Amino acid sequence: MSEYSALLGDAVLRHRTRIAEHSARIESELANRVKSEFIANMSHELRTPLNTIIGFSKILVEHDKRRIPQHEIVEYAQLINDSAGHLLSVINDILDISKIQSGKFTIDTREINVDEILRYCVASFQKAAEDARIKLTTDIPNTLPPVRGDASKLKQTFTNLLSNAVKFTPPGGQAMVTAMATTDGGLVVEIKDNGVGMSEQELEVAMTPFGQVDGSRTRWREGAGLGLPIARSLIDLHGGRMNIDSQKGKGTTVSVLLPSRHQVSASRGRDMVLGEEFVATASD
Ligand SMILES: Nc1ncnc2c1ncn2[C@@H]1O[C@H](COP(=O)(O)OP(=O)(O)O)[C@@H](O)[C@H]1O
Ligand SMILES: [Mg+2]
């Protein structure tokens, strides 16, 4: 009997080892795939604008020899400017996420009006939405309570969310930005679209830094996969919450809750360092 149980014990152990080896292999295969998709995608994101800058600036240097008409010169200069701007934003995102991950990201809070920030962000996306044939509407009351926050970081957050709403909604779709006060003096902003949406698993990928639902080279939209994780961390730093509700094929609603300014000053007292800055304690 004891011999039988020893044999059984061995068999169970061997079985467990096999399962552990199998899941470790799957995990490392997945990590490798994500890594190679990441490298392929990032080198594409960095090289494409750089190639444009190098190529068109060379043409401009030789404009005399090539007899390029004035309007084309302006066009090429615009392309160089756009590409450089894009490159800068990718690099800034990479620097931001690495600061956030090392807990060194700081925000500079003061009393701010979120409705002004939202109107500014929406206005800066109207042209892109129009070009993409997406109806971008708002419902932002001007009676929202002021909150304590970092205006430039909230701009960055809403810009990331709006850019996704416009980028992942096919022509003919709609995106809407609403804001409302909460009963305790805070506010909720919702950025809602009826675009391609995400399944639960896809949403998990989307929330990881550099994660994109379709990470292959043939993706239909560009980006570094940092917009959502950065937005979430920035809202965490404001003592708020960012929630995503998405359904594949139906659309996505991102809600951002910002706490009342009284709540923030009370709970942040202990985290504050010099001035109004405090250090990230990003949870994820
Ligand atoms: N509003 C949205 N609708 C559908 N998919 C979205 C939306 N927002 C984000 N996603 C998915 O999440 C991924 C990650 O988004 P993000 O972090 O902003 O990176 P990026 O925009 O650079 O791809 C996107 O590639 C996309 O697949
Ligand atoms: Mg994005």
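Worth saying up front: this structure is predicted, and the values here are computed from it rather than measured.
Here Arg119 pairs with Asp115 under the salt bridge (Lys or Arg N to Asp or Glu O under 4.0 Å) rule; sequence neighbours left out. Residues that satisfy the side-chain contact (heavy atoms from CB on, under 4.5 Å) test with Lys155, not counting sequence neighbours, are Ile117, Tyr120, Cys121. In this view, His22 and Arg25 satisfy the side-chain hydrogen bond (donor to acceptor under 3.5 Å, both in side chains) rule, not counting sequence neighbours. Partners of Glu62 by salt bridge (Lys or Arg N to Asp or Glu O under 4.0 Å), not counting sequence neighbours, listed by chain and number: Lys58, Arg66. Scanning for salt bridge (Lys or Arg N to Asp or Glu O under 4.0 Å) contacts around Asp139 gives an empty result, with sequence neighbours left out. Annotation: side-chain contact (heavy atoms from CB on, under 4.5 Å) contacts of Glu116 (sequence neighbours excluded): Asn113. Judged as a side-chain contact (heavy atoms from CB on, under 4.5 Å), and not counting sequence neighbours, the contacts of Asn194 are Thr169, Gln174. For Tyr76, the ring pair (Phe, Tyr, Trp, His ring centres under 6.0 Å) partners are Phe56, not counting sequence neighbours.
Side-chain atoms of Asn160 and Leu234, non-hydrogen and from C-beta on, never get closer than 4.5 Å to each other. Between Leu226 and Pro209 the shortest side-chain heavy-atom distance falls below 4.5 Å. The closest side-chain heavy-atom distance from Ile235 to Leu258 is below 4.5 Å. For the pair His238/Val256, no side-chain contact is recorded, criterion being any heavy-atom separation below 4.5 Å from C-beta on. Between Leu60 and Ile80 the shortest side-chain heavy-atom distance falls below 4.5 Å.
Interatomic distance, His15 NE2 to Leu13 CG, rounded to the nearest 0.5 Å: 11.5 Å. Rounding to the nearest 0.5 angstrom, the gap separating the CD atom in Glu111 from the CZ atom in Arg148 is 6.5 Å. How far CD of Glu72 is from CZ of Arg67: 14.0 Å, rounded to the nearest 0.5 Å. Summarising the geometry, atom CG belonging to Leu237 is positioned 7.0 Å from atom CZ belonging to Phe105; distances are rounded to the nearest 0.5 Å. For the atom pair CG of Leu161 and OG1 of Thr253, the computed distance is 11.5 Å after rounding to the nearest 0.5 Å. Atom-to-atom distance recorded for Thr137:OG1 and Gln126:CD is 8.5 Å, nearest 0.5 angstrom.
Leu118 and Leu257 fall into different hydrophobic clusters, where Ile, Leu, Val, Met, Phe, Trp and Tyr residues are linked whenever their side-chain heavy atoms come under 4.5 Å apart, directly or through other members. By the rule that hydrophobic residues join a cluster once side-chain heavy atoms approach within less than 4.5 Å of another member, Ile68 and Ile54 end up as members of separate clusters. Under the 4.5 Å side-chain heavy-atom criterion for Ile, Leu, Val, Met, Phe, Trp and Tyr, Ile244 and Phe158 are members of the same hydrophobic cluster.
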Handout entry: Pair Ile230-Thr157, side chain to side chain contact (heavy atoms under 4.5 Å, CB included): steps then yes or no
Key = CA-CA 7 Å; Ile230 289 177; Thr157 303; over 6 Å; no

Practice task
Test Lys167 against Asn164 for side chain to side chain contact (heavy atoms under 4.5 Å, CB included), laying out the working first.
Solution key: CA-CA 5 Å; Lys167 189 158 64 160; Asn164 285 345; 3.9 Å; yes

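Applying the 6.0 Å contact sphere to CD of Glu130 captures no more than 12 heavy atoms from other residues, nucleotides or ligands.
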Let me check something: any side-chain donor-acceptor pairs from residues 196-204 under 3.5 Å, sequence neighbours excluded? List them with distances.
unit_1, atom_1, unit_2, atom_2, d
Ser199, OG, Glu202, N, 3.2
Glu202, OE1, Ser199, N, 3.0
Glu202, OE1, Lys248, NZ, 3.0
Glu202, OE2, Lys248, NZ, 3.0

Can you give each donor-acceptor pair under 3.5 Å made by side-chain atoms of residues 176-193, sequence neighbours left out, with the distance rounded to 0.1 Å?
unit_1, atom_1, unit_2, atom_2, d
Thr182, OG1, Asp184, OD1, 2.6
Thr182, OG1, Gly186, N, 3.0
Thr182, OG1, Gly186, O, 3.1
Asp184, OD1, Gly186, N, 3.3
Asp193, OD1, Gly195, N, 2.8
Asp193, OD1, Thr252, N, 3.4

Could you pull out every donor-acceptor pair under 3.5 Å between side chains of residues 81-94 and any protein atom, sequence neighbours left out?
unit_1, atom_1, unit_2, atom_2, d
Asp82, OD1, Gln78, NE2, 3.0
Ser83, OG, Leu79, O, 3.0
His86, NE2, Glu45, OE1, 3.1
Ser89, OG, His86, O, 2.9
Asn92, ND2, Leu88, O, 3.4

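Contact detail for Ile140 and Leu144: the closest heavy-atom pair is CG2-CD1, 4.2 Å. Ala206 and Val213 make their closest contact through CB-CG2, 4.4 Å (heavy atoms, listed as atom of the first residue, atom of the second, distance).
Contacts classified as ring-ring contact (aromatic ring centres under 6.0 Å, His included) and involving residues 133-157 (residues at least two apart or in different chains) are not found.
Salt bridge status for Asp131 with Lys127: present, with a side-chain N to carboxylate O gap under 4.0 Å.
For Asp150 and Ser152, the side-chain atoms include at least one donor-acceptor pair closer than 3.5 Å.
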